[in-house]
Amino acid sequence: MKIAVVGCTHAGTAAVHQILAAQPDAQVDIFERRADISFLSCGIALYLEGMVPKLESMFYDSPEGLAQLGPNVHVHLQHDVTALDAHFHRFEVQNMVTGETFTQDYDKLIVTTGSYPVVPPIQGVSLPRILLCKNADDARAIKETAKEAETIAIVGGGYIGVELAEAYSRTGHHVLFINGVHRLLSHYVDEPIGKLIEAELNQHGVDTHLNEVALQFDSDESHAYIRTDKTEHTADFAVVCVGFQPMTELVEGQIATNPDGSIHVNDYMQTSDPDIYAAGDAVAVHFNPTGRDAYAPLATNAVRQGKLAGINVLGNRVKYMGTQSTSAMRVYNHTLACTGLTLDHALRAKLPAAAVTLKENYRPEFMPSTAPITMRLVYNTDNRRILGAQLYSKYDIVQSANLLSVMIQNKNTIDDLAYVDMLFNPHYNKPWNYLNLLGQAAVEQADRAQ
Ligand SMILES: Cc1cc2nc3c(=O)[nH]c(=O)nc-3n(C[C@H](O)[C@H](O)[C@H](O)COP(=O)(O)OP(=O)(O)OC[C@H]3O[C@@H](n4cnc5c(N)ncnc54)[C@H](O)[C@@H]3O)c2cc1C
């Protein structure tokens, strides 16, 4: 069987490893536009602030590594797949170095073409001092430009914007942080936690401009100018990070896609064409809190879906269990961890929902130290199922977000969370674990509302 994989970052790399682990002699042709594979973009902010000195250390695989996985593996770097004919099981490829074009046929195809940064329809967004942040080249360009810079504008208050704002406040730059809506991280947190993050950034000198929409960019040799609906800002350069969109032009009209362009797949990562599988940022996830397709471009989804595509392309065996889009980030000396829906998103999805917020020390006050955790739990007021959670603390609460993620996956209720068995030892928590207490706060609120 001839298997072709188009796109080789996280989803593509995971799929290839899986196929060859199961069938080392499989014929696998991998096509990637770039000259590299498997770049961990999640380390870009750490590279920019200097914690990770070498960008090269953020690649976890190589073309040579993939080629060694089996005798019939062919890695075609700097090869652009330009057109697909799903009916005849073939596609057109251009060698980007020689310009040569050829046709490749396949028995099964895995589409892992990922996403690209949203380029807002703003005038001037493609000017030289207006940069994007997605791949290794972008990281190098930002790092280089920042060397001479004093003021850096970050446009877009999602997690990449917050990470970059923090990184550049740590390197002594003046950071102008512009976000079109009134809350940072609005896909991840509700107002109470959004405010805490904004305060933390401000405390570190980040100049936040919320509810301010960038309308036009301009630049000259040394500056970027950002005109917003409120004023005009001047910076040495600007990074625009307002989200991602699926890169699926290749499959348009050939397989079923959602209105946002993301590919619709079944539980086996199979598209509407049974011989085409897809995974990663190109694909819509099954979002368990709503039970619907959603666009959630995360590396965690990409590696899971990529591995499943690699398994199922050899015969549908293992189902994808969907996602809660669980994620975490550092905000200076705090950790933010989130899973599932915010209250705003739950209400927008027309779910009967409420949220409770609780602040609680993670372990007893008699211990030499403790730290408060601000927690928010979103739940369905009809069936009391947990829909989402946000945790923010100096204490490492990431595994708590993972636990809540599993509870959402398993359709657990606030009552389950209130009384589920959790350990107690004063080093680690109180007789009631803080998550039990969060569940109990939700139960009390829900009971009062009845
Ligand atoms: C700054 C930053 C920080 C991030 N931090 C996190 C994090 O902390 N946690 C997390 O879970 N996620 C994070 N992400 C998201 C994560 O990086 C993406 O979800 C992940 O890269 C998706 O992997 P993918 O393989 O689906 O797609 P992509 O990484 O988009 O790769 C797709 C590949 O396909 C290639 N390609 C596309 N079309 C063609 C074609 N026609 N022919 C040939 N090749 C093609 C592209 O060149 C590309 O290499 C971050 C992203 C960024 C940018």
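Just so it is clear, the values below take in all heavy atoms, side chains as well, and ignore hydrogens, waters and symmetry mates. We count ligands from 1, going down the list as the structure has it; atoms in each ligand are counted the same way.
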Identity and distance of the protein heavy atom lying nearest [atom]:
| atom | value |
| --- | --- |
| atom 21 (O) of ligand 1 | His10 CD2, 3.3 Å |
| atom 6 (C) of ligand 1 | Cys42 CB, 3.4 Å |
| atom 41 (N) of ligand 1 | Val81 O, 3.0 Å |
| atom 31 (O) of ligand 1 | Thr9 OG1, 2.9 Å |
| atom 34 (O) of ligand 1 | Gly7 CA, 3.2 Å |
| atom 12 (N) of ligand 1 | Ala299 N, 3.0 Å |
| atom 37 (C) of ligand 1 | Thr113 O, 3.2 Å |
| atom 27 (O) of ligand 1 | Gly114 CA, 3.2 Å |

In terms of the angle between their ring planes, are Tyr434 and Tyr395 parallel, tilted or perpendicular, with boundaries placed at 30° and 60°?
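Aromatic pair Tyr434/Tyr395 classed perpendicular.
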Donor on one side chain, acceptor on other, Asp260 and Gln245, under 3.5 Å
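Absent: no donor and acceptor within the cut-off.
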Going by heavy atoms in the side chains, are [X] and [Y] under 4.5 Å from each other?
| X | Y | answer |
| --- | --- | --- |
| Val239 | Ile142 | yes |
| Val93 | Gln104 | yes |
| Ser115 | Met247 | no |

Using side-chain contact (heavy atoms from CB on, under 4.5 Å) as the criterion, list what pairs up with Ser62, not counting sequence neighbours.
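Ser62 satisfies side-chain contact (heavy atoms from CB on, under 4.5 Å) with Glu64 only.
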Relative to [atom], which among [options] owns the nearest non-hydrogen atom?
| atom | options | result |
| --- | --- | --- |
| atom 13 (C) of ligand 1 | Tyr159, Phe31, Phe244 | Tyr159 |
| atom 1 (C) of ligand 1 | Ala302, Ser325, Ser41 | Ser41 |
| atom 28 (P) of ligand 1 | Arg33, His79, Met247, Lys134 | Lys134 |
| atom 2 (C) of ligand 1 | Ile160, Leu250, Thr82 | Ile160 |

Pairs of nitrogen or oxygen atoms closer than 3.5 Å, one from Ala11 and one from ligand 1: do any exist?
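Ala11 vs ligand 1: N/O contact under 3.5 Å present.
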Purely on distance, is any nitrogen or oxygen of Leu298 under 3.5 Å from one on ligand 1?
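Among all N and O atoms of Leu298, at least one is under 3.5 Å from an N or O of ligand 1.
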What atoms in ligand 1 come closer than 4.0 Å to a heavy atom of Arg34?
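This gives 47 (O), 49 (O) as the contact atoms.
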Any cation-pi pair here, Lys143 with Tyr47, using under 6.0 Å and within 45°?
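Judged by the rule (NZ or CZ under 6.0 Å from the ring centre, within 45° of its axis), Lys143 counts as positioned above Tyr47.
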Salt bridge present between Lys2 and Asp107 (N-O < 4.0 angstrom)
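Looking at Asp107 together with Lys2, the answer is no, because their closest N to O distance does not fall below 4.0 Å.
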Where does Val6 meet ligand 1, judged by heavy-atom distances below 4.0 Å: at the side chain, the backbone, both, or neither?
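Val6 to ligand 1: side-chain contact only, backbone stays beyond 4.0 Å.
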